[in-house]
Amino acid sequence: MNREYFPILNEKVYGKPLVYLDNAATTQKPVSVINALSDYYLRINSNIHRGVHCLSQLATNEFEQTRETVRQYIHAGSTQEVIFTRGATESINLVASSFGNTYLHEGDEVIVSEMEHHSNIVPWQLACEHHGAKLRVLPFNDKGELIVSDLEQLITDRTKIVAVAHVSNSLGTVNPIEDIIRIAHSHNVPVLIDGAQAVAHCPVNVQALDCDFYCFSGHKMYAPMGIGVMYGKEHWLNEMQPYQGGGEMIKDVTFDKTTYNELPFKFEAGTPSVGDVIGLRKAIEYIQNIGLEKIAAHEQALLNYTTEKLAAIEGIRFIGEAAHKTGVISFLVGDIHPYDLGVLLDNQGVAVRTGHHCTQPVMTHFNIPGTVRASFALYNTFEEADMLTSAVVKAKQMLS
Ligand code: PLP
């Protein structure tokens, strides 16, 4: 689908056609996004918001238009709830720090799940350490599905927030976040959703979900690196302390006291990555032109096809067999180390990721050092799925 818009897919590695299956780490960029970056620097590069001159106003318009595009894409109620960050990691750190500073006290509790990316564990550990709070963990079963029924017991009157992934980056599981949000809210506990692996693969409606925070990165959805989004419900953002201090986030500064800017600027200290923000808009428009439903259906077909093909390989073991998955396949073959398998796949032009995928607790759960992970994007093909399968077969023969 639409491969001609991604020039990098024509590259050869070691003289072989590139089969790029590392999309959960980062996606490739369509020409419209690449052109938007050079166009920005060629025509309108300028600092935003504070300038009276023409270029500054043009850049500001483009920047703020992107905020509206993001708002529509995730169905937020207001652009005031859309905060630009450097990525999902910074978005979660922002919430853990600002929400933590405002609401976390000694003896309080934060719940994360066992399948979280380190980006949705460590910021909460830091916040808990800082405030004397405790981290509690919602487990998953051996298929890689969260045991949501445990949540009722985990939530106590000290629980201040639940933070959970929409989609697991190492298992591919799509979590029942509607149920998690409903249960947490019935105890008046807010919920942060890490949407890094979801926003490019399924429609997201933050108002219908009723989540309190939703965090994601641009570079996993065909946009440039260095740009991300933190959606937060307005009432939380109004109450929360700012994350960083500096220009843009203030209304008035004296040496005695500083008052803060209104939303969303209160959480956007300093000069943002304007070109990358504009690139994010082009990426969203690109996705919208194709249609998320169509993309999701294609990736689902690839997932089913590839899983079936790989399953025929003797000794293969899938890590993550949830009933509801996106296009992420984690696997091991016999006792071959995932790193060795990954290197031999790379030699054949097949780019996959190996290791713990920043989810060490997942690897601990299965008592494995890591996995080989193939992950799909809209431009992957069934031929590439076949090339992956034959590359695994060949690598297995070489290593046996
Ligand atoms: N959350 C999940 C589920 C991820 O897969 C990732 C990256 O792989 C992140 C968070 C962190 O994203 P970033 O490194 O773009 O900030």
Side-chain angles (χ1 to χ4, degrees), residues 20-29 33 70 74 83-97 112-126 137-138 140 144-146 162-177 180 191-202 204 211 213-231 243 272-273 276-277 279-280 283 299 319-320 322 324-330 351-363 365 370-377:
Y20 186 77
L21 298 174
D22 194 18
N23 296 287
T26 198
T27 54
Q28 300 302 345
K29 320 303 172 200
V33 169
V70 171
I74 61 169
I83 313 292
F84 288 122
T85 63
R86 284 193 300 123
T89 301
E90 189 176 52
S91 298
I92 298 168
N93 273 280
L94 188 166
V95 182
S97 169
V112 297
S113 94
E114 192 186 5
M115 67 170 73
E116 296 311 306
H117 189 280
H118 297 163
S119 297
N120 202 23
I121 299 174
V122 185
W124 296 110
Q125 279 175 328
L126 288 168
V137 182
L138 179 66
F140 62 78
E145 295 165 328
L146 286 179
V162 174
V164 67
H166 193 165
V167 172
S168 155
N169 65 307
S170 54
L171 301 167
T173 312
V174 181
N175 287 320
I177 54 172
I180 292 169
V191 180
L192 174 141
I193 302 295
D194 172 0
Q197 296 294 341
V199 273
H201 307 287
C202 59
V204 171
C211 57
F213 302 96
Y214 195 96
C215 303
F216 57 97
S217 296
H219 72 96
K220 294 182 196 289
M221 55 183 300
Y222 313 104
M225 288 185 173
I227 180 66
V229 170
M230 191 279 284
Y231 158 83
Y243 177 47
S273 195
D276 297 326
V277 167
L280 174 62
E299 292 174 355
I319 310 297
H324 196 187
K325 281 184 67 175
T326 57
V328 171
I329 306 177
S330 264
V352 292
R353 188 142 294 243
T354 65
H356 55 60
H357 318 295
C358 297
T359 56
Q360 281 189 346
V362 171
M363 305 305 138
H365 179 111
T371 74
V372 177
R373 181 187 71 186
S375 51
F376 299 116

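First listed ligand is number 1; within each ligand, the first listed atom is number 1. Note that these values count all heavy atoms, side chains included, but never hydrogens, waters or copies made by symmetry. Along the sequence shown, residues are numbered consecutively beginning with 1.
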**Residue pair E114 / V362: nearest heavy atoms and the distance that separates them** = O-CG2, 3.8 Å
**Message:** I need the nearest protein heavy-atom contact for atom 10 (C) of ligand 1: residue, atom name and distance, please.
**Reply:** D194 OD2, 3.4 Å
**Prompt:** Going by the order shown, which atoms of ligand 1 are within less than 4.0 Å of some heavy atom of Q197?
**Reply:** 3 (C), 4 (C), 5 (O), 8 (O)
**Asked** With under 30° as parallel and over 60° as perpendicular, where do the rings of H166 and Y214 fit, or are they tilted in between?
**Response** perpendicular
**Asked** Which of the numbered atoms in ligand 1 are below 4.0 angstrom from a heavy atom of T89?
**Response** 11 (C), 12 (O), 13 (P), 14 (O), 16 (O)
**Prompt:** What is the nearest protein non-hydrogen atom to atom 4 (C) of ligand 1, stated with its residue, atom name and distance?
**Reply:** H117 CD2, 3.3 Å
**Prompt:** Using a heavy-atom cut-off of under 4.0 Å, does the side chain or the backbone of R86 touch ligand 1, or both, or neither?
**Reply:** neither
**Request:** Distance to 0.1 Å, residue and atom name: give those for the protein heavy atom nearest to atom 8 (O) of ligand 1.
**Result:** K220 NZ, 2.6 Å
**Asked** So which bit of E90 gets within less than 4.0 Å of ligand 1, heavy atoms only: side chain, backbone, both or neither?
**Response** neither
**Item:** Whether K220 side chain and G218 backbone form a donor-acceptor pair below 3.5 Å
**Value:** no
**Message:** Would the distance check show the side chain of T27 and the main-chain N or O of Y222 forming a donor-acceptor pair, the cut-off being under 3.5 Å?
**Reply:** yes
**Request:** Enumerate the atoms of ligand 1 whose separation from the nearest heavy atom of N169 is less than 4.0 angstrom.
**Result:** 5 (O)
**Message:** Side chains of T359 and H357 only: does a donor on one sit below 3.5 Å from an acceptor on the other?
**Reply:** no
**Complete:** Within 4.0 Å of some non-hydrogen atom of S217, the atoms of ligand 1 are 12 (O), 13 (P), 15 (O), 16 (O)
**Asked** Tell me, do H201 and V167 make a side-chain contact under 4.5 Å, heavy atoms counted?
**Response** no
**Sole candidate of F216, F213, Y243 that passes side chain to side chain contact (heavy atoms under 4.5 Å, CB included) when paired with M230** = F213
**Under 3.5 Å: N/O of S119 near N/O of ligand 1** = no
